Amino acid sequence: GLGDVYKRQVIYYVSGAYSDCENYRNLSISPSAITKINYIKSVLKEIGFYVSLCSFAECTGEKNCMNFTETVKIDEQEEVYYMFSFGRTNFALKYLSRIVKTIQLFIFFLFKVGNNDKILIYHSLQTQKIVNIVKWICKRQIYFEVEEIYHAKYGSSEVKIKSEIEHLKRAKGYIFVNDIIQKKCGIDGSSAVCYGCYNMPQSVVPKCVLDDKIHIVYAGEIGPVGSDVFLALEIAKYLPSNYHIHISGYGNKQDVNMLQECIMNIKMSNCCLVTYEGYLPEKDYLNFLSKCDIGLCTRVLDDEMSDYEFPSKILVYLNNNLFPICPPKRSIQESQISNYVVFYKKPSAIAIAKAISSVDVTKKNNYQEVLQRLHLEFVQQMKGIFASEI
(Lines give C-alpha, C1' and ligand atoms only; values in the text may rest on other atoms or scores of the structure.)
Protein backbone atom coordinates (compact mmCIF):
# COMPACT_ATOMS: atom_id res chain seq x y z
CA GLY A 1 0.00 0.00 0.00
CA LEU A 2 0.94 3.65 -0.27
CA GLY A 3 2.40 5.46 2.71
CA ASP A 4 0.03 7.94 4.40
CA VAL A 5 2.49 10.81 3.97
CA TYR A 6 2.40 10.49 0.19
CA LYS A 7 -1.25 9.55 -0.39
CA ARG A 8 -2.04 12.84 -2.16
CA GLN A 9 1.23 12.81 -4.10
CA VAL A 10 1.12 9.51 -5.96
CA ILE A 11 2.23 9.19 -9.56
CA TYR A 12 1.74 5.96 -11.49
CA TYR A 13 4.60 5.37 -13.92
CA VAL A 14 3.69 2.81 -16.60
CA SER A 15 6.35 1.12 -18.72
CA GLY A 16 6.65 -2.00 -20.83
CA ALA A 17 10.42 -2.34 -20.66
CA TYR A 18 11.17 -2.36 -16.94
CA SER A 19 12.70 -4.88 -14.57
CA ASP A 20 15.08 -4.72 -11.62
CA CYS A 21 18.81 -5.18 -12.25
CA GLU A 22 18.67 -8.95 -11.59
CA ASN A 23 15.73 -9.51 -13.98
CA TYR A 24 14.77 -12.62 -12.00
CA ARG A 25 11.37 -12.68 -13.77
CA ASN A 26 13.10 -13.20 -17.17
CA LEU A 27 11.35 -10.21 -18.72
CA SER A 28 12.03 -8.84 -22.18
CA ILE A 29 13.66 -5.51 -21.42
CA SER A 30 15.77 -2.67 -22.81
CA PRO A 31 18.80 -1.80 -20.60
CA SER A 32 18.98 1.77 -21.95
CA ALA A 33 15.26 2.30 -21.23
CA ILE A 34 15.73 1.02 -17.65
CA THR A 35 18.58 3.51 -17.08
CA LYS A 36 16.33 6.37 -18.24
CA ILE A 37 13.30 5.16 -16.25
CA ASN A 38 15.39 4.89 -13.07
CA TYR A 39 16.55 8.47 -13.57
CA ILE A 40 13.03 9.82 -14.19
CA LYS A 41 11.84 7.95 -11.07
CA SER A 42 14.60 9.54 -9.00
CA VAL A 43 13.57 13.04 -10.14
CA LEU A 44 9.89 12.38 -9.40
CA LYS A 45 10.89 11.29 -5.89
CA GLU A 46 13.14 14.35 -5.55
CA ILE A 47 10.19 16.69 -6.20
CA GLY A 48 8.07 14.91 -3.60
CA PHE A 49 6.09 12.12 -5.28
CA TYR A 50 5.42 8.58 -4.19
CA VAL A 51 6.20 6.60 -7.38
CA SER A 52 4.19 3.46 -8.10
CA LEU A 53 5.86 1.98 -11.17
CA CYS A 54 3.78 -0.49 -13.17
CA SER A 55 5.84 -2.84 -15.34
CA PHE A 56 3.84 -4.62 -18.03
CA ALA A 57 6.97 -6.17 -19.58
CA GLU A 58 6.39 -9.59 -21.11
CA CYS A 59 8.61 -12.62 -20.54
CA THR A 60 11.28 -13.48 -23.07
CA GLY A 61 10.63 -16.09 -25.71
CA GLU A 62 13.56 -18.17 -24.51
CA LYS A 63 12.34 -19.64 -21.21
CA ASN A 64 9.31 -21.52 -19.95
CA CYS A 65 8.43 -19.51 -16.87
CA MET A 66 5.42 -18.07 -15.08
CA ASN A 67 5.36 -14.93 -12.91
CA PHE A 68 2.38 -13.98 -10.77
CA THR A 69 1.54 -10.37 -9.99
CA GLU A 70 3.88 -8.90 -7.40
CA THR A 71 4.34 -5.56 -5.67
CA VAL A 72 7.88 -4.83 -4.48
CA LYS A 73 8.33 -1.95 -2.03
CA ILE A 74 11.63 -0.24 -2.82
CA ASP A 75 11.66 2.47 -0.14
CA GLU A 76 9.35 5.00 1.56
CA GLN A 77 8.69 6.71 -1.79
CA GLU A 78 8.58 3.90 -4.29
CA GLU A 79 7.03 0.56 -5.17
CA VAL A 80 7.16 -1.55 -8.34
CA TYR A 81 4.11 -3.50 -9.49
CA TYR A 82 4.79 -6.42 -11.88
CA MET A 83 1.94 -7.85 -13.92
CA PHE A 84 1.26 -11.55 -14.45
CA SER A 85 3.47 -12.89 -17.26
CA PHE A 86 4.63 -16.17 -18.74
CA GLY A 87 7.26 -17.45 -21.17
CA ARG A 88 6.41 -16.83 -24.83
CA THR A 89 8.17 -19.84 -26.33
CA ASN A 90 5.88 -20.23 -29.35
CA PHE A 91 3.56 -18.14 -31.52
CA ALA A 92 0.38 -19.16 -29.67
CA LEU A 93 1.87 -18.16 -26.30
CA LYS A 94 3.08 -14.85 -27.74
CA TYR A 95 -0.43 -14.09 -29.00
CA LEU A 96 -2.00 -15.15 -25.69
CA SER A 97 0.55 -13.09 -23.73
CA ARG A 98 -0.39 -9.96 -25.67
CA ILE A 99 -4.11 -10.51 -24.94
CA VAL A 100 -3.47 -11.15 -21.22
CA LYS A 101 -1.27 -8.05 -20.99
CA THR A 102 -3.90 -5.88 -22.70
CA ILE A 103 -6.63 -7.06 -20.30
CA GLN A 104 -4.37 -6.38 -17.29
CA LEU A 105 -3.52 -2.91 -18.57
CA PHE A 106 -7.20 -2.13 -19.11
CA ILE A 107 -8.04 -3.22 -15.54
CA PHE A 108 -5.07 -1.23 -14.21
CA PHE A 109 -6.06 2.02 -15.95
CA LEU A 110 -9.76 1.69 -15.17
CA PHE A 111 -9.83 0.32 -11.63
CA LYS A 112 -6.45 0.74 -9.93
CA VAL A 113 -5.98 4.41 -10.83
CA GLY A 114 -8.35 7.14 -9.66
CA ASN A 115 -9.57 10.16 -11.65
CA ASN A 116 -7.30 12.51 -9.72
CA ASP A 117 -4.19 10.33 -9.87
CA LYS A 118 -1.41 11.20 -12.28
CA ILE A 119 -0.29 8.56 -14.80
CA LEU A 120 3.06 8.96 -16.57
CA ILE A 121 3.20 6.57 -19.54
CA TYR A 122 6.46 5.59 -21.21
CA HIS A 123 5.13 5.88 -24.75
CA SER A 124 5.11 2.70 -26.83
CA LEU A 125 3.09 1.37 -29.74
CA GLN A 126 1.93 -1.54 -27.56
CA THR A 127 -0.03 0.75 -25.21
CA GLN A 128 -1.41 3.07 -27.88
CA LYS A 129 -4.82 1.41 -28.46
CA ILE A 130 -5.58 0.68 -24.83
CA VAL A 131 -4.64 4.23 -23.75
CA ASN A 132 -6.90 5.66 -26.47
CA ILE A 133 -9.79 3.50 -25.21
CA VAL A 134 -9.19 4.57 -21.60
CA LYS A 135 -9.05 8.26 -22.61
CA TRP A 136 -12.35 7.79 -24.46
CA ILE A 137 -14.14 5.91 -21.66
CA CYS A 138 -13.09 7.95 -18.65
CA LYS A 139 -11.16 10.98 -17.51
CA ARG A 140 -7.59 10.23 -16.48
CA GLN A 141 -4.64 12.60 -15.90
CA ILE A 142 -2.30 11.16 -18.52
CA TYR A 143 1.25 12.38 -19.15
CA PHE A 144 3.59 10.95 -21.79
CA GLU A 145 7.31 10.29 -21.73
CA VAL A 146 8.23 10.44 -25.42
CA GLU A 147 11.59 8.78 -26.11
CA GLU A 148 10.92 8.11 -29.79
CA ILE A 149 8.27 8.32 -32.47
CA TYR A 150 8.53 4.64 -33.31
CA HIS A 151 6.91 4.68 -36.73
CA ALA A 152 9.52 7.27 -37.76
CA LYS A 153 12.31 5.06 -36.43
CA TYR A 154 10.94 2.01 -38.29
CA GLY A 155 10.56 3.95 -41.55
CA SER A 156 6.77 3.51 -41.63
CA SER A 157 4.40 5.54 -43.81
CA GLU A 158 3.59 9.20 -43.13
CA VAL A 159 0.04 8.12 -42.25
CA LYS A 160 1.29 5.87 -39.43
CA ILE A 161 3.71 8.53 -38.14
CA LYS A 162 0.91 11.13 -38.05
CA SER A 163 -1.43 8.66 -36.33
CA GLU A 164 1.17 8.02 -33.61
CA ILE A 165 1.67 11.76 -33.10
CA GLU A 166 -2.11 12.34 -32.90
CA HIS A 167 -2.29 9.69 -30.18
CA LEU A 168 0.18 11.70 -28.08
CA LYS A 169 -1.80 14.93 -28.27
CA ARG A 170 -4.27 16.02 -25.58
CA ALA A 171 -2.18 14.69 -22.69
CA LYS A 172 -1.74 16.92 -19.64
CA GLY A 173 2.05 17.19 -19.97
CA TYR A 174 5.12 15.65 -21.56
CA ILE A 175 8.74 14.61 -21.08
CA PHE A 176 10.47 14.83 -24.46
CA VAL A 177 13.82 13.30 -25.37
CA ASN A 178 15.09 16.31 -27.34
CA ASP A 179 14.48 20.03 -27.88
CA ILE A 180 12.84 19.84 -31.31
CA ILE A 181 10.35 16.97 -31.19
CA GLN A 182 7.51 18.95 -29.54
CA LYS A 183 7.49 21.72 -32.15
CA LYS A 184 8.03 19.29 -35.03
CA CYS A 185 5.04 17.20 -33.92
CA GLY A 186 2.86 20.26 -33.22
CA ILE A 187 2.16 19.15 -29.66
CA ASP A 188 0.97 21.83 -27.24
CA GLY A 189 1.20 21.64 -23.47
CA SER A 190 3.63 21.90 -20.61
CA SER A 191 6.81 19.89 -21.12
CA ALA A 192 10.27 19.00 -19.89
CA VAL A 193 13.26 17.86 -21.94
CA CYS A 194 15.59 15.08 -20.81
CA TYR A 195 18.32 13.69 -23.09
CA GLY A 196 19.23 10.86 -20.73
CA CYS A 197 20.53 10.19 -17.23
CA TYR A 198 22.34 13.30 -15.92
CA ASN A 199 23.60 11.82 -12.67
CA MET A 200 24.56 8.28 -13.59
CA PRO A 201 26.99 6.85 -11.06
CA GLN A 202 30.54 7.04 -12.33
CA SER A 203 32.96 4.17 -12.32
CA VAL A 204 34.46 3.42 -8.91
CA VAL A 205 37.67 2.60 -10.75
CA PRO A 206 39.85 5.64 -11.50
CA LYS A 207 40.84 6.29 -15.10
CA CYS A 208 43.52 3.78 -15.92
CA VAL A 209 45.92 3.22 -18.78
CA LEU A 210 45.70 -0.28 -20.23
CA ASP A 211 48.50 0.13 -22.76
CA ASP A 212 49.72 2.73 -25.24
CA LYS A 213 46.57 2.40 -27.37
CA ILE A 214 43.64 4.81 -27.68
CA HIS A 215 40.52 2.92 -26.59
CA ILE A 216 37.18 3.51 -28.33
CA VAL A 217 33.86 2.05 -27.18
CA TYR A 218 30.62 1.45 -29.04
CA ALA A 219 27.84 0.59 -26.57
CA GLY A 220 24.26 -0.27 -27.42
CA GLU A 221 22.06 -2.54 -29.44
CA ILE A 222 23.62 -5.14 -31.73
CA GLY A 223 21.39 -4.88 -34.78
CA PRO A 224 21.52 -6.59 -38.19
CA VAL A 225 24.06 -5.88 -40.94
CA GLY A 226 23.69 -2.24 -42.02
CA SER A 227 22.80 -1.01 -38.52
CA ASP A 228 24.75 1.37 -36.27
CA VAL A 229 27.08 -1.26 -34.80
CA PHE A 230 28.27 -2.45 -38.22
CA LEU A 231 29.10 1.13 -39.20
CA ALA A 232 31.18 1.32 -35.99
CA LEU A 233 32.91 -1.89 -37.00
CA GLU A 234 33.78 -0.60 -40.47
CA ILE A 235 35.68 2.34 -38.94
CA ALA A 236 38.46 -0.08 -37.92
CA LYS A 237 39.60 -0.29 -41.56
CA TYR A 238 40.53 3.41 -41.50
CA LEU A 239 42.29 3.62 -38.13
CA PRO A 240 45.92 2.68 -37.45
CA SER A 241 47.00 -0.05 -35.03
CA ASN A 242 47.36 2.32 -32.04
CA TYR A 243 43.54 2.38 -31.77
CA HIS A 244 41.38 -0.34 -30.21
CA ILE A 245 37.58 -0.49 -30.75
CA HIS A 246 35.52 -2.27 -28.07
CA ILE A 247 31.91 -3.24 -28.75
CA SER A 248 29.56 -3.87 -25.84
CA GLY A 249 25.86 -4.51 -26.21
CA TYR A 250 22.87 -6.75 -26.53
CA GLY A 251 20.96 -8.22 -29.44
CA ASN A 252 19.54 -11.42 -30.84
CA LYS A 253 21.88 -14.40 -31.32
CA GLN A 254 21.87 -14.21 -35.10
CA ASP A 255 23.02 -10.56 -35.17
CA VAL A 256 25.65 -11.12 -32.44
CA ASN A 257 27.04 -14.14 -34.32
CA MET A 258 27.27 -12.11 -37.53
CA LEU A 259 29.07 -9.34 -35.64
CA GLN A 260 31.62 -11.77 -34.20
CA GLU A 261 32.19 -13.28 -37.64
CA CYS A 262 32.91 -9.82 -39.08
CA ILE A 263 35.30 -9.08 -36.19
CA MET A 264 37.23 -12.27 -36.99
CA ASN A 265 37.63 -11.09 -40.59
CA ILE A 266 38.96 -7.71 -39.40
CA LYS A 267 41.52 -9.44 -37.16
CA MET A 268 43.06 -10.97 -40.26
CA SER A 269 43.84 -7.54 -41.70
CA ASN A 270 46.54 -5.13 -40.57
CA CYS A 271 44.46 -2.39 -38.92
CA CYS A 272 42.94 -1.27 -35.66
CA LEU A 273 42.07 -4.03 -33.16
CA VAL A 274 38.37 -4.77 -32.50
CA THR A 275 36.96 -6.86 -29.64
CA TYR A 276 33.41 -7.79 -28.64
CA GLU A 277 33.03 -7.47 -24.86
CA GLY A 278 29.53 -8.97 -24.69
CA TYR A 279 26.71 -7.44 -22.68
CA LEU A 280 28.08 -5.78 -19.53
CA PRO A 281 25.79 -5.14 -16.51
CA GLU A 282 25.79 -1.51 -15.32
CA LYS A 283 28.57 -1.74 -12.72
CA ASP A 284 30.88 -3.73 -15.02
CA TYR A 285 30.04 -1.42 -17.91
CA LEU A 286 30.89 1.72 -15.91
CA ASN A 287 34.17 0.20 -14.77
CA PHE A 288 34.93 -0.76 -18.37
CA LEU A 289 34.33 2.85 -19.49
CA SER A 290 37.11 3.96 -17.13
CA LYS A 291 39.53 2.24 -19.54
CA CYS A 292 38.22 4.08 -22.61
CA ASP A 293 38.94 7.48 -24.15
CA ILE A 294 36.34 7.88 -26.89
CA GLY A 295 32.65 6.90 -27.13
CA LEU A 296 31.09 6.13 -30.51
CA CYS A 297 27.58 7.17 -31.41
CA THR A 298 27.18 5.97 -34.99
CA ARG A 299 23.75 6.56 -36.52
CA VAL A 300 22.46 5.29 -39.86
CA LEU A 301 18.96 6.77 -39.40
CA ASP A 302 18.32 9.58 -41.91
CA ASP A 303 18.24 13.21 -40.77
CA GLU A 304 14.47 13.67 -40.96
CA MET A 305 13.69 10.57 -38.87
CA SER A 306 16.42 11.28 -36.31
CA ASP A 307 14.54 14.44 -35.30
CA TYR A 308 12.24 12.09 -33.37
CA GLU A 309 14.87 10.58 -31.04
CA PHE A 310 18.08 11.22 -29.09
CA PRO A 311 20.93 8.75 -28.45
CA SER A 312 21.03 8.38 -24.65
CA LYS A 313 24.46 6.75 -24.84
CA ILE A 314 25.94 10.24 -25.38
CA LEU A 315 24.98 11.07 -21.78
CA VAL A 316 26.61 7.85 -20.53
CA TYR A 317 29.83 8.82 -22.32
CA LEU A 318 29.73 12.36 -20.90
CA ASN A 319 29.03 11.03 -17.40
CA ASN A 320 32.27 9.07 -17.67
CA ASN A 321 34.28 11.89 -19.28
CA LEU A 322 34.75 10.24 -22.68
CA PHE A 323 34.88 12.19 -25.94
CA PRO A 324 31.56 11.40 -27.71
CA ILE A 325 31.83 11.10 -31.51
CA CYS A 326 28.40 11.98 -32.92
CA PRO A 327 26.55 12.35 -36.22
CA PRO A 328 25.56 15.86 -37.33
CA LYS A 329 21.90 15.26 -36.50
CA ARG A 330 19.69 18.25 -35.73
CA SER A 331 18.46 16.74 -32.44
CA ILE A 332 22.08 16.71 -31.16
CA GLN A 333 23.28 19.92 -32.83
CA GLU A 334 20.38 21.91 -31.33
CA SER A 335 20.79 20.38 -27.86
CA GLN A 336 22.50 21.88 -24.81
CA ILE A 337 25.35 19.38 -25.09
CA SER A 338 26.36 20.15 -28.68
CA ASN A 339 29.49 22.03 -27.52
CA TYR A 340 30.78 18.97 -25.69
CA VAL A 341 30.71 16.41 -28.49
CA VAL A 342 32.80 15.88 -31.64
CA PHE A 343 30.70 15.77 -34.82
CA TYR A 344 31.66 13.82 -37.92
CA LYS A 345 30.67 15.31 -41.28
CA LYS A 346 28.79 12.42 -42.91
CA PRO A 347 27.76 8.86 -42.00
CA SER A 348 30.70 7.10 -43.62
CA ALA A 349 33.37 5.04 -41.86
CA ILE A 350 36.18 7.16 -43.28
CA ALA A 351 34.56 10.45 -42.13
CA ILE A 352 34.06 9.03 -38.63
CA ALA A 353 37.68 7.82 -38.54
CA LYS A 354 38.81 11.37 -39.42
CA ALA A 355 36.75 12.78 -36.52
CA ILE A 356 38.28 10.20 -34.16
CA SER A 357 41.81 11.06 -35.35
CA SER A 358 41.14 14.76 -34.64
CA VAL A 359 40.59 14.11 -30.91
CA ASP A 360 43.45 14.88 -28.54
CA VAL A 361 42.86 12.26 -25.86
CA THR A 362 45.59 13.72 -23.63
CA LYS A 363 43.22 16.62 -22.93
CA LYS A 364 41.30 15.85 -19.73
CA ASN A 365 37.53 16.20 -19.60
CA ASN A 366 35.16 16.82 -16.73
CA TYR A 367 31.55 17.25 -17.74
CA GLN A 368 30.06 17.00 -14.24
CA GLU A 369 29.29 20.73 -13.99
CA VAL A 370 27.38 20.67 -17.29
CA LEU A 371 25.42 17.56 -16.28
CA GLN A 372 24.60 18.99 -12.85
CA ARG A 373 23.21 22.13 -14.52
CA LEU A 374 21.07 20.02 -16.87
CA HIS A 375 19.82 17.99 -13.90
CA LEU A 376 18.77 21.10 -11.95
CA GLU A 377 17.02 22.55 -15.02
CA PHE A 378 15.15 19.29 -15.54
CA VAL A 379 14.05 19.16 -11.89
CA GLN A 380 12.58 22.66 -12.23
CA GLN A 381 10.78 21.71 -15.47
CA MET A 382 9.34 18.60 -13.78
CA LYS A 383 8.08 20.69 -10.88
CA GLY A 384 6.31 22.92 -13.40
CA ILE A 385 4.54 19.95 -14.97
CA PHE A 386 3.77 17.65 -12.06
CA ALA A 387 4.20 19.42 -8.75
CA SER A 388 1.73 22.30 -9.04
CA GLU A 389 -0.69 20.47 -6.74
CA ILE A 390 1.85 19.07 -4.24
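Nothing here was measured: the structure is a model prediction, and the numbers come from that model.
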Applying ring-ring contact (aromatic ring centres under 6.0 Å, His included) between His246 and each of Tyr218, Tyr285, Phe288, report the one that passes.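 Option passing the ring-ring contact (aromatic ring centres under 6.0 Å, His included) with His246: Phe288.
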For residues [X] and [Y], report the shortest heavy-atom separation together with the two atoms involved.
X: Ser358; Y: Val342; answer: OG-CG1, 4.3 Å
X: Ile34; Y: Ala17; answer: CG1-O, 3.5 Å
X: Asn67; Y: Cys59; answer: ND2-SG, 3.3 Å
X: Pro324; Y: Tyr367; answer: CD-OH, 4.4 Å
X: Leu93; Y: Gly87; answer: CD1-O, 3.6 Å
X: Tyr276; Y: Ile263; answer: CB-CD1, 3.7 Å

Residue pair [X] / [Y], side-chain heavy-atom distance below 4.5 Å:
X: Gln104; Y: Thr69; answer: yes
X: Tyr82; Y: Ser85; answer: no
X: Ile11; Y: Ile119; answer: no
X: Leu374; Y: Ile337; answer: yes
X: Val146; Y: Ile181; answer: yes
X: Ile214; Y: Val359; answer: no
X: Ser28; Y: Arg88; answer: yes
X: Glu78; Y: Lys73; answer: no

Can a donor-acceptor pair be found, under 3.5 Å and without considering hydrogens, that links the side chain of [X] to the backbone of [Y]?
X: Asp117; Y: Gly114; result: yes
X: Glu145; Y: Ile121; result: no
X: Glu164; Y: Ile149; result: no
X: Lys162; Y: Ser157; result: no

Is the shortest side-chain N to carboxylate O distance from [X] to [Y] below 4.0 Å?
X: Arg373; Y: Glu377; result: yes
X: Glu148; Y: Lys153; result: yes
X: Glu309; Y: Lys329; result: no
X: Arg25; Y: Asp20; result: no

Can you tell which of Tyr122, Tyr81, Tyr13, Tyr18 makes a side chain to side chain contact (heavy atoms under 4.5 Å, CB included) with Ser55?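 Checked Tyr122, Tyr81, Tyr13, Tyr18 against Ser55; only one passes side chain to side chain contact (heavy atoms under 4.5 Å, CB included): Tyr18.
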Just say parallel, tilted or perpendicular for the rings of [X] and [Y], cut-offs at 30° and 60°.
X: His151; Y: Tyr154; value: perpendicular
X: His244; Y: His215; value: tilted
X: Phe310; Y: Tyr195; value: parallel
X: Tyr174; Y: Phe144; value: parallel

Under 6.0 Å from the CZ atom of Phe343, do we count more than 12 heavy atoms belonging to anything else shown?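 Yes, the 6.0 Å shell around CZ holds more than 12 heavy atoms from other groups.
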Is Lys213 atom NZ crowded by more than 12 heavy atoms from other residues, nucleotides or ligands, each under 6.0 Å away?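 Atom NZ in Lys213 is packed in, count exceeds 12.
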Applying a strict under-4.5 Å side-chain criterion to I, L, V, M, F, W and Y, I'd like to know whether [X] and [Y] cluster together.
X: Phe84; Y: Ile29; value: no
X: Ile40; Y: Leu376; value: no
X: Ile103; Y: Met83; value: yes
X: Met305; Y: Ile180; value: no

For residues 219-234, run the donor-acceptor check on the side chains, cut-off 3.5 Å, and write out each pair with its distance to 0.1 Å, sequence neighbours left out.
from   : atom 1 : to     : atom 2 : distance (Å)
Ser227 : OG     : Pro224 : O      : 2.6
Asp228 : OD1    : Val300 : N      : 3.0
Asp228 : OD2    : Arg299 : NH1    : 3.0

For Glu58, what residues pass the side chain to side chain donor-acceptor pair (under 3.5 Å) criterion, not counting sequence neighbours?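 Expected list: Ser97, Arg98.
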Suppose we screen for side chain to side chain donor-acceptor pair (under 3.5 Å). Which residues come up paired with Gln126, at least two apart in sequence or across chains?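 Checked Gln126 against side chain to side chain donor-acceptor pair (under 3.5 Å); matches are Lys101.
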Here's one to test your reading of the geometry: is the NZ or CZ of Lys184 within 45 degrees of the ring axis of Tyr308 and under 6.0 Å from its centre?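 Pair Lys184/Tyr308 counts as cation-pi.
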Which is it for Gln380 and His375 under the side-chain hydrogen bond (donor to acceptor under 3.5 Å, both in side chains) test, yes or no, and what are the steps along the way? CA-CA 9 Å; Gln380 290 306 312; His375 172 73; over 6 Å; no
Going through the checks in order, is the side-chain hydrogen bond (donor to acceptor under 3.5 Å, both in side chains) test met by Ser191 and Gln182? CA-CA 8 Å; Ser191 65; Gln182 181 170 18; 2.7 Å; yes
Determine whether Asp75 and Lys45 satisfy the following criterion, salt bridge (charged side-chain N to carboxylate O under 4.0 Å, His left out), listing intermediate values before the conclusion. CA-CA 11 Å; Asp75 57 35; Lys45 288 159 75 171; 2.7 Å; yes
